[in-house]
2 protein chains.
Amino acid sequence: MPSADRRIPARRKPRQVRAELTRERILTAAAHVFTEYGYAAGTTNRIADHAHVSIGSLYQYFPNKEAILAELMVRHIDRGMWTEADELELTPGSLETTVRALVRDAVDNHRDDPQLLRIMLEEASLSQELLDTIERHGKKRVGQVRDLLARHPDVHVGDLGMAAELIVFTVETNTHKVMADPRAIPIETFEDELVAMVTRYLRGDR
Amino acid sequence: MPSADRRIPARRKPRQVRAELTRERILTAAAHVFTEYGYAAGTTNRIADHAHVSIGSLYQYFPNKEAILAELMVRHIDRGMWTEADELELTPGSLETTVRALVRDAVDNHRDDPQLLRIMLEEASLSQELLDTIERHGKKRVGQVRDLLARHPDVHVGDLGMAAELIVFTVETNTHKVMADPRAIPIETFEDELVAMVTRYLRGDR
DNA sequence: CAAAGAGCTGAGTTATTGCTCACAATACTG
DNA sequence: CAGTATTGTGAGCAATAACTCAGCTCTTTG
């Protein structure tokens, strides 16, 4: 492994469609390879092989291995970002309906490739910059949920911010677990329990 | 990195106290090094250095790097296992008290070295055997909690097994998160919310 | 106290992997 | 179609890290 901090030369920017396709093939292959082998064992040569591309080509579009993972991560985050329209859409209905929508949202976010997400979050040591992006995304999401809860009449909790944080994290990790586990519990059943837990919590029953 | 599956020669078993001490020093150093550098960058040479032991000695007691982590993991699990006495001790009291005890237990389990636990669980790719041990431990724990809930009069949930699973996982991961995050939320506050959530869920209020 | 064995050493071997670079192939342009 | 720019190739370099082994020191034992 070469020294980590070396001057990273600027990469060529694709000008022809061919090049753009190559880039995409590399990313697709990387997703597959990381999923199958994990981050450490998902070598750049393996990725290149899988993409039917030479290792040299790979390094023409990505300055290093981490950059590939970073791009996958950024794309995932972008896909998962709520638009304001989505947010409004969640407002009406009973508390349970709202919570269920939240859970469904988390499930959708994991649908593509739960294994890959796990690897991205857990296995690879991401750059500080990327971690910051994820952090910001998380904070924004907690904020959205907090606002959502604030607008709902049935919510009775002490600290709304903390409740939002607790909920987002709990829903996220539980979904993550059920989706990532091959021999998983049926999602529907688990979803019901999760929804029940969160709903009862928010309702603040004594 | 040498090929993963090679004949692993039997290691020397310590016969003198001196040897036992060396083994312990290696394990202690490994815990420190893994915590500070992570698993991948926590090299065997670094561990040996930190333990003031030659790399050769290290390999006299552990067949490979993973075995070191495995031993740390097994020890952690053993420490965290409930005895029957512990179990009985948890029975009496209000539901909230019981839940709080559960949460406290998780906190205690993370107290030693939350970073290390994170590394063990997330970063390293553990052997199937070790994963099975962890799995068995998890199942046993869920079983213990299920029995605990079954004995409590205030618990009203549909599927007790699933409830136990949901609770154990939720308490575990939330605790894990708060403990591992350096700029963490005050544990007490978070604990209260977590306890509230789980308690309200179990009480099954409508 | 001397022989035997247990424990310890660390330079060196083996293997892997991220990544470069000199060159070849392909696409664009006038 | 010649000349230029872009894209693609893959052997091999350099770095790194897991692990070995020949020979040493320390402990035990008779």
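Every heavy atom of this structure was used, including side-chain atoms; hydrogens, water molecules and symmetry mates were not. Note that the structure is a prediction, hence the values are computed from the model and not measured.
Aromatic ring pairs are classed by plane angle as parallel below 30°, tilted from 30° to 60° and perpendicular above 60°; the pair B:H110 and B:H176 is perpendicular.
Look at B:S54 and you won't find any side-chain N or O under 4.0 angstrom from OP1 or OP2 of C:dG10. At the phosphate of C:dC19, neither OP1 nor OP2 sits under 4.0 Å from any side-chain N or O atom of A:T44. At D:dG8, none of the side-chain N or O atoms of A:Y59 fall inside 4.0 Å of OP1 or OP2 (strictly under the cut-off). Taking only side-chain nitrogens and oxygens, B:S57 never comes nearer than 4.0 Å to OP1 or OP2 of C:dG7.
Side chain of A:R46 to backbone of A:A41: a donor-acceptor contact under 3.5 angstrom is found. Counting only distance, with no hydrogens or angles, the side chain of A:R146 and the backbone of A:L160 share no donor-acceptor pair below 3.5 Å.
If you take CG of A:L21 and P of D:dG8, they are 9 Å apart, rounded to a whole angstrom. Atom CZ of A:R46 and atom P of C:dC19 are 16 Å apart (whole Å). The nearest whole Å value for the distance from the CD1 atom in A:I68 to the C1' atom in C:dT17 is 13 Å. We find that CZ of A:R23 is positioned 17 Å from P of D:dT6, with the value rounded to whole Å. Note: CZ (B:F62) to P (D:dC19) measures 13 Å, nearest angstrom. Distance CG (A:D49) to C1' (C:dT17): 13 Å, rounded to an integer number of Å. Rounded to an integer number of Å, the gap from CZ of A:F34 to C1' of C:dG18 is 12 Å. B:I55 has its CD1 atom 12 Å from the P atom of D:dA17, to the nearest Å.
Minimum heavy-atom separation, A:A19 to A:Y61: CB-OH, 3.2 Å.
When heavy atoms are screened at a 4.0 angstrom cut-off, B:T43 is found touching the sugar-phosphate backbone but no base atom.
Residue B:T22 is the one, among A:N45 and B:T22, whose nearest nucleotide of DNA chain C lies closer to the 5' end (criterion: closest heavy atom).
Within the model, atoms CD1 of A:I187 and CD of A:E191 stand 8.5 Å from one another, a figure rounded to the nearest 0.5 Å. Atoms CG and CZ, on B:D192 and B:R100 in that order, are 4.5 Å from each other to the nearest 0.5 Å. Put simply, CD on A:E66 and OG1 on A:T44 are 13.5 Å apart, with the number rounded to the nearest 0.5 Å.
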Quiz item: Along nucleotides 22-30 of chain C, 5' to 3', which nucleotides get a B, which get an S, and which get a -, given that the test is a protein heavy-atom distance under 4.0 Å?
Solution: ----BS---

